[in-house]
*Asks:* 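Got a structure for you, questions after.
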Amino acid sequence: MKIYNTLTKTKEEFQPIRPGQITMYVCGPTVYNYIHIGNARSAIAFDTIRRYFEYRGYHVNFVSNFTDVDDKMINEARREKTTVPELAERYIKAYQEDTAALNIEPATKNPRATHEITAIINFIKQLIAQGYAYEADGDVYYHAKKFAHYGELSSQNIAELEEGASEHINEEEQKRKQDPIDFALWKKQKQPDEIAWNSPWGKGRPGWHIECSVMATKYLGETIDIHGGGQDLEFPHHENEIAQSEAATGKKFVHYWMHNGFVTVGAEAEKMSKSLHNFVTVHDLLKTVDPQVLRFLMASVQYRRQINYSKENLQQAEIILQRFKNTLNNLEYRLSDQTSSVQAAALEEAIKKTKTAFITAMDDDFNVQNALAAIYDLLPVVNANIAAENADKEALKEVKQLLHDWLAVFGIETTQLTATTAAEDEDEITALIKEREQARKNKDWAKSDQLRAQLKEMGITVEDTPQGTRWIRE
């Protein structure tokens, strides 16, 4: 298996620290609003990766945090006249509901910044003791230039960073910092209503970057296999995590850095974000869009590629899912008949080829497009055997299980995909089908055709198979 490592800019052979086990940390949301589909894309991408590891037999210890205190949280709480903890509780619950609807597996652990204050303070004290951080009037900053590898993950030029940073910080902050590129580990309380905790440097709260270093090393170890997140987190967030973590532990922080591509919208393929006010929340979208369709759209694009969100792409995802659904329904129908099984070499060879192609594609940095194409190419062979007078029922049973396993990697549960609820018109449809069957027995072809047309107007397609008549909704 090969994974593209953002740090080395190459695909590398994946070797876990401990055989059969994977430690994986993915940056979670700042919980001051509903997540938009750009946030959901990251959650779905790494859930799909996690599911494939589990499909291959790995045990994955998967940690994803909630940032439940920062400037955005404080400002939104003030705007809504509530507290930061109350705001966080509301949107953590909303996140859990939205991700459950998208069939994202719960993390092994979802630590929260506000629950780790003691650990964060101790981590900062360690960095100060080692000479990598300094206190300035109640704030604590990390001295970025003291870390020899600063800028390597995101390929940043330190001189250019320094020049750019000096243009964006105010005079008061410039006086506190020893260097413009230094970043905050601890922020002094600025106003009495601002949420804060006691610390050796006075009342304040953690900076954004420090929480992930603390939580990743606390719950997964000083060196972890995989760290993931959106491309926008490469700098400064992940760059700063490396600097903090490796300075504190003296060990390599992460073996494989993985970053998912953006979700774009519109003809200009503009990145979707809350700051640009061009986002669609999952909470609102799920009121009108089938969550399986949205999940499939997001999961069916290789994680490093960008996705253009549009109604047309949603419709295409729905069409492909419908084809899988039709094949699964066809399988269920044929496997329920009592005819004997006859070996079909072509089908068995196609199954064998697809198994290999699926793993080959997914082992190549999770190339989901090629993996899905391999499965999709199998469907016509399967449907041809289903329609044959003598089907290879043992092979079809294997296909049914394989489709269940493969689609589960993409977060699509076949039981949900094919689930139907009794409709009000079902008794009428059944009566018309029986009437048509009687007409066919009587060789009243005109009546049979008239009933088929009537059912067609109701959105029902009738199929006459060697095993009898069946109907499906269009």
Side-chain angles (χ1 to χ4, degrees), residues 1-27 41-64 104-105 108 149 152-155 216 220-221 223-235 238-239 241-242 245-246 251-262 296 298-307 352-378 402 405-412:
M1 183 186 295
K2 290 190 174 182
I3 294 177
Y4 182 85
N5 189 344
T6 309
L7 182 64
T8 62
K9 310 297 186 289
T10 59
K11 286 183 187 178
E12 299 178 4
E13 196 72 33
F14 178 66
Q15 295 289 342
I17 297 167
R18 288 173 289 280
Q21 299 183 48
I22 295 171
T23 49
M24 191 171 179
Y25 186 93
V26 175
C27 290
R41 197 281 160 98
S42 183
I44 289 170
F46 288 104
D47 182 61
T48 304
I49 289 166
R50 173 191 184 178
R51 285 170 176 269
Y52 182 65
F53 279 130
E54 291 172 341
Y55 170 83
R56 292 299 304 274
Y58 287 98
H59 172 76
V60 183
N61 190 355
F62 188 97
V63 174
S64 184
I104 293 170
E105 290 186 327
T108 309
H149 303 289
E152 286 186 4
L153 176 70
S154 52
S155 303
L220 295 175
T223 302
I224 65 177
D225 290 304
I226 294 170
H227 194 314
Q231 288 176 351
D232 54 334
L233 297 181
E234 286 181 37
F235 186 87
H238 289 166
E239 197 74 70
E241 279 190 61
I242 293 173
S245 304
E246 296 190 2
K251 299 177 182 177
K252 187 179 184 66
F253 177 37
V254 174
H255 281 185
Y256 305 91
W257 283 94
M258 301 178 70
H259 293 90
N260 65 273
F262 298 130
F296 188 69
M298 295 288 171
S300 62
V301 177
Q302 200 264 358
Y303 75 96
R304 287 193 291 122
R305 296 188 180 186
Q306 71 178 31
I307 296 175
K352 182 179 177 182
K353 179 181 176 183
T354 307
K355 284 179 178 177
T356 301
F358 178 79
I359 289 176
T360 299
M362 292 297 286
D363 278 0
D364 182 18
D365 197 32
F366 310 96
N367 191 330
V368 294
Q369 281 113 317
N370 286 358
L372 282 167
I375 303 170
Y376 206 62
D377 288 345
L378 177 65
L402 286 169
D405 295 342
W406 289 334
L407 289 174
V409 170
F410 300 96
I412 304 299

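Here the structure is a predicted model, which is why all the values come from computation and not from measurement. Computed over heavy atoms, backbone and side chain alike; hydrogens, waters and symmetry mates excluded.
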*Asks:* Give me the atom names and distance for the closest heavy-atom approach of A43 to I104.
*Replies:* CB-CD1, 3.7 Å

*Asks:* Between Q369 and Q302 (side chain of the first, backbone of the second, donor and acceptor by atom type, cut-off under 3.5 Å), is there such a pair?
*Replies:* yes

*Asks:* Please report the closest heavy-atom contact between G228 and F46, naming both atoms and the distance.
*Replies:* CA-CZ, 3.6 Å

*Asks:* Would you name the heavy atoms of C27 and E241 that are closest together and state the gap between them?
*Replies:* SG-OE2, 3.7 Å

*Asks:* Do T23 and D225 have side-chain atoms, one donor and one acceptor, less than 3.5 Å apart?
*Replies:* yes

*Asks:* Distance-only, no hydrogens or angles: does the E54 side chain make a donor-acceptor pair with backbone N or O of H59 under 3.5 Å?
*Replies:* no

*Asks:* Using modelled atom types only, decide if a donor and an acceptor are shared between the side chain of S64 and the backbone of V26 within a distance under 3.5 Å.
*Replies:* yes

*Asks:* Quick check against the 3.5 Å criterion: does Y303 have a side-chain atom that pairs as donor or acceptor with the backbone of V368?
*Replies:* no

*Asks:* Check for me whether the distance between the ring centres of F366 and F53 falls short of 6.0 Å.
*Replies:* yes

*Asks:* So which heavy atom on A408 is nearest to which on R51, and how close?
*Replies:* O-NH1, 2.9 Å

*Asks:* Dump the intermediate steps for side-chain contact (heavy atoms from CB on, under 4.5 Å) on R18 and N61, then the final yes or no.
*Replies:* CA-CA 12 Å; R18 288 173 289 280; N61 190 355; over 6 Å; no

*Asks:* Regarding Y52 and R56, do their side chains bring together a donor and an acceptor under 3.5 Å, going by distance alone?
*Replies:* yes

*Asks:* Name the residue from R304, H227, Q231 that meets the side-chain contact (heavy atoms from CB on, under 4.5 Å) definition with H259.
*Replies:* Q231

*Asks:* Can you name the closest pair of heavy atoms from T223 and H255 and give their distance?
*Replies:* CG2-NE2, 3.6 Å

*Asks:* Using 30° and 60° as the class boundaries, would you call the ring planes of F410 and F296 parallel, tilted or perpendicular?
*Replies:* perpendicular

*Asks:* Would you find a donor on one side and an acceptor on the other, under 3.5 Å apart, between the side chain of N367 and the backbone of N370?
*Replies:* yes

